[in-house]
Each structure stands twice: as structure tokens, then as C-alpha cells.
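Have a look at the structure below, then the notes.
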Amino acid sequence: MRCTGWSAPSPAPPGLAPPCSPPRWWCSCRLLAALVGRSRILRLGDETATSLGLPVPATRIALVIVGVLLSSFTVAVAGPLAFVAFLAGPLARMLAGRPSFLLAAPLGAVLVLAADVAGQNLFGRHEMPAGVITGALGAPFLLWMLVRSKTSGSGR
């Protein structure tokens with residue numbers, strides 16, 4: 001079932017809420033808010049966080065689960081084209097050397113334009129939606145970023 005807004009186009013089975021219903025989104029946001037303090041402690045490094053009494057592995061797992069939930073809700077509501085937002089920020093950071101909204105916004109627009117042009121022209125007489133192209137390019141990129149990220153708690 002695909003959500004097109006805050007409600008599903010077709011009713012959910014009895015007893016089940018649609019996958020992107022406001023209560024599930026709200027619960028995930030509250031979980032994230034509860035984890036903000038723990039994530040700040042994690043930024044100090046694994047050894048410091050452990051010495052402060054933080055269960056580091058459990059906190060990392062909880063942060064990943066909440067991040068995946070919120071990302072999936074965003075894609076369920078906005079469609080796969082919203083995946084560009086998860087791609088433009090890290091790319092801008094790689095290009096600028098620091099987080100840069102002023103670079104991420106136009107970079108996201110260029111990515112969508114390039115995906116749309118590629119979807120219209122690369123597959124002969126068949127057009128591919130821009131969301132399919134951004135998903136096909138963005139998912140491997142984000143997986144690569146996860147693999148190369150430091151998980152030792154370097155404090156960054």
C-alpha cells in the first residue's frame with residue numbers, strides 16, 4: 001500500500017494502521033527526540049560514552065532503527081524522488097568539506113534534472129521515472145557511505 005499523504009488511498013486491514021500514519025510518524029519523532037542527548041554523548045567517542053554509562057551498541061542500533069523508520073515514512077509519503085534529499089546533503093558535504101545547505105539545494109535540483117533527462121533519453125522509447133533513477137543511483141551511494149563511515153566513535 002502506498003501513501004500519498006497523511007492517509008492511505010485504500011483502507012488498511014482491520015486493526016492495522018497504514019505504514020505512514022501520523023501516530024507511527026509521531027512515535028518515531030518522539031523516539032528520535034529521546035535519543036538526541038544520547039547521540040550527543042556518542043559524538044564524544046565510544047570510550048567516553050561508555051565511561052559516562054551509555055550503552056553504546058544499543059544506542060547506535062536505536063538511532064539506526066529510528067533513522068530508517070523516518071526515512072521510510074518520508075519516502076512512503078513523498079515518493080522515491082525524496083531520496084534526492086538523502087543524497088544531495090552528503091554529496092555537498094564531500095564537495096565542500098563541511099555541511100553546506102547553499103551547495104546541497106542546487107545540487108539536489110541538478111540531480112533531479114539529470115535523473116529526469118536520463119530517464120527520458122537513456123532507455124530508448126521507454127521512459128523511466130526520475131524517482132527510479134535517483135533510487136538506483138542513490139541507494140548504492142548511501143550503502144557505500146555506510147560502509148566507509150567510521151563506527152569507532154572518533155568524535156566526529
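This structure is a prediction, so every number in the text was calculated from the model and none was measured.
- Neither L102 nor M94 shares a network with the other; the hydrophobic side chains, linked directly or stepwise wherever heavy atoms of I, L, V, M, F, W or Y lie under 4.5 Å apart, form separate groups for each.
- Across every non-hydrogen atom of F141 and P90, the tightest pair is CE2-CB, 4.2 Å.
- Looking at every heavy atom in both residues, A88 comes nearest to A104 through CB-O, 3.6 Å.
- Hydrophobic clustering (side-chain heavy atoms under 4.5 Å, transitive across Ile, Leu, Val, Met, Phe, Trp, Tyr) groups L63 together with I65.
- Of all heavy-atom pairs between L103 and A96, the closest is CD2-CB, 4.0 Å.
- At least one side-chain heavy atom of L107 sits under 4.5 Å from a side-chain heavy atom of L95.
- Side chains of R60 and D46 form a contact here, defined as non-hydrogen atoms less than 4.5 Å apart.
- In this structure, L137 is a member of the same hydrophobic cluster as V132, with clusters built from ILVMFWY side-chain heavy atoms closer than 4.5 Å.
- In this structure, the side chains of S39 and T59 stay at 4.5 Å or more apart for every pair of heavy atoms.
- Side chains of L122 and I133 form no contact here, defined as non-hydrogen atoms less than 4.5 Å apart.
- Between the T134 side chain and the A130 main chain, a donor and an acceptor come within less than 3.5 Å of each other.
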* Evaluation steps, side chain to side chain contact (heavy atoms under 4.5 Å, CB included), between L44 and L52 -> CA-CA 10 Å; L44 299 173; L52 291 172; 4.1 Å; yes
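- No chain of hydrophobic side-chain contacts below 4.5 Å, direct or via other Ile, Leu, Val, Met, Phe, Trp or Tyr residues, connects V36 to I41.
- Counting only distance, with no hydrogens or angles, the side chain of N121 and the backbone of V117 share a donor-acceptor pair below 3.5 Å.
- Cluster membership for I61 and L54, using ILVMFWY side-chain heavy atoms within less than 4.5 angstrom, is shared.
- You'll find the side chain of L111 reaches within 4.5 Å of the side chain of L91, heavy atoms only.
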